[in-house]
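Please read these numbers as outputs of a predicted model, since none were measured by experiment. Values below: every heavy atom of this structure, side chains too, minus hydrogens, waters and symmetry copies. Quick note on labels: first sequence line is chain A, next is B, and so on, each numbered from 1.
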There are 2 protein chains.
Amino acid sequence: MLNERQKKILWAVTQSHIDLNIPIGSLLLIKRYPLNLSSATIRNAMASLEQMGYITQPHTSAGRVPTEKGYRYYVNLLLEDHSLSISDSMSHELSLRLQGEEIDSNGVIKKAAKTLSLLSRNLAIAIPPKIEDMVLKHIKFIKYDSKKALSMLISDDGSVKNTFVELDKPYTQQELDKAAHYINSEFAGRQIKDVKEILSYQLFKDKQAYDRIIMNVLYLFKDSIIMDDDMLSLNSLSGTSYLPDLVDTKQVKDILRAIEDKQFMLKLLNQLSGSKGIKVVVGLESIIPAMSKMSMVAATYNDKKQSGGTIGIIGPTCMNYKKLIPIVEHTAKALTRILSEN
Amino acid sequence: MLNERQKKILWAVTQSHIDLNIPIGSLLLIKRYPLNLSSATIRNAMASLEQMGYITQPHTSAGRVPTEKGYRYYVNLLLEDHSLSISDSMSHELSLRLQGEEIDSNGVIKKAAKTLSLLSRNLAIAIPPKIEDMVLKHIKFIKYDSKKALSMLISDDGSVKNTFVELDKPYTQQELDKAAHYINSEFAGRQIKDVKEILSYQLFKDKQAYDRIIMNVLYLFKDSIIMDDDMLSLNSLSGTSYLPDLVDTKQVKDILRAIEDKQFMLKLLNQLSGSKGIKVVVGLESIIPAMSKMSMVAATYNDKKQSGGTIGIIGPTCMNYKKLIPIVEHTAKALTRILSEN
DNA sequence: AATAGCACTCATCAATAGAGAGTGCTAATT
DNA sequence: AATTAGCACTCTCTATTGATGAGTGCTATT
């Protein structure tokens, strides 16, 4: 564990490095902070901090730079400090940008991502709630041709999803209507995942109770509703132009490539799922190799029902957490508020 | 006009500059091309080419670099030469990547953009056909709440568009169905723009002929069908990671910002509209300030009906036109073929 | 335990010099 | 009259050098 002095110095080094983006030496530290210690003492403390892996030297005669471990320590201290807040002007601008003509929830989420990237001047990413978590308002099947029907799923946040359902044999529009009517009357107001589950169960249990034709349609529907969700992650990515200033052209491109690659983005998503509230991941390299020296600050948001998504930013590990964590937090809260009002 | 020798030298300078990406001097030119001229003669020719604005010197004692004017001349020569073609392996890879499970036309177009960016190693952009040009297959109105209906427009390429229509007063689902039925029976198989036009005209002419309620719905529909098309341009952008190698980090960011800005992209689009076949725009700076030293190669594609879009690449002005023009051309052709088959 | 002092290290920057590629001009050649 | 050889000149690029200064670790002192 770190003693009080080491803690103070680690904090000071990290904060200074964030502010100045240069290696921090003992003398510089004295100038910036009233530590009441001589440079030699600080050097000793730094040496032990280095041994414990919290800071490193880029080269022999340079100051110290926090390692990922150091940053994590710093961020944890920061998160414990609940006095963090954003400026009034920020808060004002945030709500100003987010309000506007009412659009569907996907549009709102996109707008939030855009706003977040603008305010934070970093790459912003927003992950919409899983379709499975959305609440069914209304469904409709429309005959497309002899082998295909079009399903249209309206969820109660106003978003609409269309999917083609491959049919095993031709159905009449009437048969399709009947199937839709069955789903609507039984399941409107429930989450998609529940609909699927109950449907599976009932189809299994009450084999005789329903019209065979309807049953077939339902079977097909049940399987056709998922596959669409891999397009989500990329949809709400904004502010690629705010990629960190420090990285060189090659890394910028590597990062862009990673961003275009859904696989990587899904990995990021996994990293975040499950947790509630604000979450900071220092050091993304283990998740996405191209993103060395990059970190992520993300927060969860919710809509009217319990379904929720994630919104956050990706930036250099030396980003200004003190400023950015509250921004992300407030954006998520604002987003939750707007989605709940609708 | 340029004489034969100047033409040859301009060509050689441009080609060399594309290959080597350095200023081209007279001696270097002799090494690479059997011009059978002394360096002094070439220098004289270069001097006059410079005076005419086809090439410049980056500094006094450097070789020559083609200006935009020079590149345009080169590209025009290239376009006249109809022997341009892509390698078999390219062609093979292209068709390999483009075929796959059948998806809606928008999906195919996106895939084409992705493939094009992969093959050309440049930023690819695809502009889908305007909604207005699409052919109506079927339309449906669904009552959403007392003030809103959801219109679902299926076009015959299999793509589906949903729009909310604000209603002036509550309508029953039956009334909405009636309106939809009217449109379907009268206008299926026609382009959206025609539907809109004829609708306007008929509503004006036959005021008495129809049910007043239906008429109102149609009025509302007619106005609600456009607004959606500004989202198109951005949808099919692929390969940001292939931004030219030469530009520095700052320019990369400026370009990314420009790409995220729909306004600029629409300007690009305008630049292309109207023309058929392959089109090369050398020098994008006048259209998008951030894109200095960038150019665009684009080609039009068509789907089954006459509605068409544009697909192309954006890259450095010193890109390899000889290789890239045929790639763009073939991709557009392949895309046309696939869209026609569906 | 904390600090002052000191020798040492190494990145950074500016100045300098030499090499090399290229030019335009002039005079000789075809 | 057009082409070419020769030449002086220009300017970038690269490497070298040396001074500067911020920083360190170690040791002896307080």
Side-chain angles (χ1 to χ4, degrees), chain A residues 1-10 12-67 70 246 248 318, chain B residues 1-10 12-67 70 246 248 318:
Chain A
M1 263 301 68
L2 301 184
N3 62 37
E4 204 52 37
R5 175 185 299 164
Q6 290 169 328
K7 207 164 151 179
K8 235 179 207 159
I9 289 176
L10 177 53
V13 168
T14 312
Q15 190 62 55
S16 298
H17 184 251
I18 287 172
D19 294 344
L20 306 173
N21 197 29
I22 49 169
I24 307 301
S26 51
L27 291 155
L28 179 61
L29 221 50
I30 291 176
K31 256 186 255 165
R32 290 174 54 91
Y33 293 89
L35 294 166
N36 296 321
L37 293 169
S38 81
S39 63
T41 312
I42 293 176
R43 279 203 287 285
N44 284 331
M46 278 176 160
S48 42
L49 280 172
E50 177 155 27
Q51 222 170 5
M52 289 187 276
Y54 289 100
I55 53 181
T56 39
Q57 289 181 285
H59 57 86
T60 326
S61 69
R64 302 310 212 285
V65 167
T67 59
L246 3 132
D248 62 303
C318 65
Chain B
M1 265 301 69
L2 301 184
N3 62 37
E4 204 53 38
R5 175 187 298 167
Q6 290 169 327
K7 208 165 151 179
K8 235 179 206 160
I9 288 177
L10 178 53
V13 167
T14 311
Q15 189 62 55
S16 298
H17 184 250
I18 287 173
D19 294 344
L20 306 172
N21 196 29
I22 48 168
I24 306 301
S26 51
L27 291 153
L28 180 60
L29 221 50
I30 290 178
K31 257 187 253 163
R32 290 175 53 92
Y33 294 88
L35 295 166
N36 296 323
L37 292 170
S38 82
S39 63
T41 313
I42 293 176
R43 277 203 288 284
N44 284 332
M46 277 177 161
S48 42
L49 281 172
E50 178 155 25
Q51 222 171 4
M52 289 187 278
Y54 289 100
I55 54 183
T56 40
Q57 288 180 288
H59 56 84
T60 326
S61 69
R64 302 309 211 286
V65 167
T67 60
L246 4 131
D248 63 302
C318 65

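A side-chain hydrogen bond (donor to acceptor under 3.5 Å, both in side chains) check over residues 48-59 of chain B, counting only residues at least two apart or in different chains, returns the pairs Gln6(B)-Ser48(B), Glu50(B)-Arg64(B). Sorted by first and then second residue, the side-chain hydrogen bond (donor to acceptor under 3.5 Å, both in side chains) pairs with a member in residues 23-43 of chain A read Ser16(A)-Arg32(A), Asp19(A)-Arg32(A), Ser26(A)-Arg43(A), Ser38(A)-Thr41(A), Ser39(A)-Arg43(A); sequence neighbours excluded.
One atom, CG of Leu49(A), and another, P of dT24(D), lie 12 Å apart when rounded to the nearest Å. To the nearest angstrom, C1' of dT4(D) lies 11 Å from CD1 of Ile30(B). To the nearest angstrom, C1' of dA1(C) lies 12 Å from CG of Leu37(A). Between Leu27(A) atom CG and dT3(C) atom C1' the separation is 13 Å, expressed in whole Å. In this structure, Asn36(A) atom CG and dA2(C) atom C1' are separated by 13 Å, rounded to whole Å. Asn3(A) has its CG atom 12 Å from the P atom of dA1(C), to the nearest Å. Note: NE2 (His17(A)) to P (dG23(D)) measures 13 Å, nearest angstrom. For Ile9(B) and dT3(D), the CD1 to P distance is 10 Å, given to the nearest whole Å.
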Q: Any chance you could lay out the side-chain contact (heavy atoms from CB on, under 4.5 Å) test for Leu28(B) and Leu20(B), step after step, and finish with the verdict?
A: CA-CA 11 Å; Leu28(B) 180 60; Leu20(B) 306 172; 3.9 Å; yes
For nucleotides 25-27 of chain D, tabulate all protein N/O to nucleotide N/O atom pairs closer than 3.5 Å, reporting atom names and distance.
from	atom 1	to	atom 2	distance (Å)
dG25(D)	OP1	Arg64(A)	NH2	2.7
dG25(D)	N7	Arg43(A)	NE	3.1
dG25(D)	O6	Arg43(A)	NH2	3.2

Write down the protein N/O and nucleotide N/O pairs, taken from nucleotides 8-12 of chain D, whose separation is under 3.5 Å; answer none if there are no such pairs.
from	atom 1	to	atom 2	distance (Å)
dT10(D)	O2	Ser61(B)	OG	3.0
dC11(D)	OP1	Thr60(B)	OG1	3.4
dC11(D)	O4'	Ser61(B)	OG	3.1
dC11(D)	O2	Ser61(B)	OG	3.0

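Of all non-hydrogen atoms in Gly25(A) and Met46(A), the two that sit nearest each other are C-CE, 4.1 Å. Closest of all the heavy-atom pairs between Val65(A) and Pro58(A) is CG2-CG, 4.0 Å. For the residue pair Ile55(B) and Pro66(B), the shortest heavy atom distance occurs at CG2-CA, 3.9 Å.
In this structure, Ile24(B) CD1 and Ile42(B) CD1 are separated by 12.0 Å, a value rounded to the nearest 0.5 Å. The CG atom of Leu29(B) lies 9.5 Å from the CG atom of Leu27(B); values are rounded to the nearest 0.5 Å.
Contact annotation: Ser38(A) side-chain N/O to dA2(C) OP1/OP2 distance is not under 4.0 Å. Phosphate contact (OP1/OP2 of dT24(D), side-chain N/O of Ser26(A), threshold under 4.0 Å): present.
Scored by the side-chain contact (heavy atoms from CB on, under 4.5 Å) test, Lys7(A) finds Glu4(A), Tyr73(A), Leu77(A) as partners (sequence neighbours excluded).
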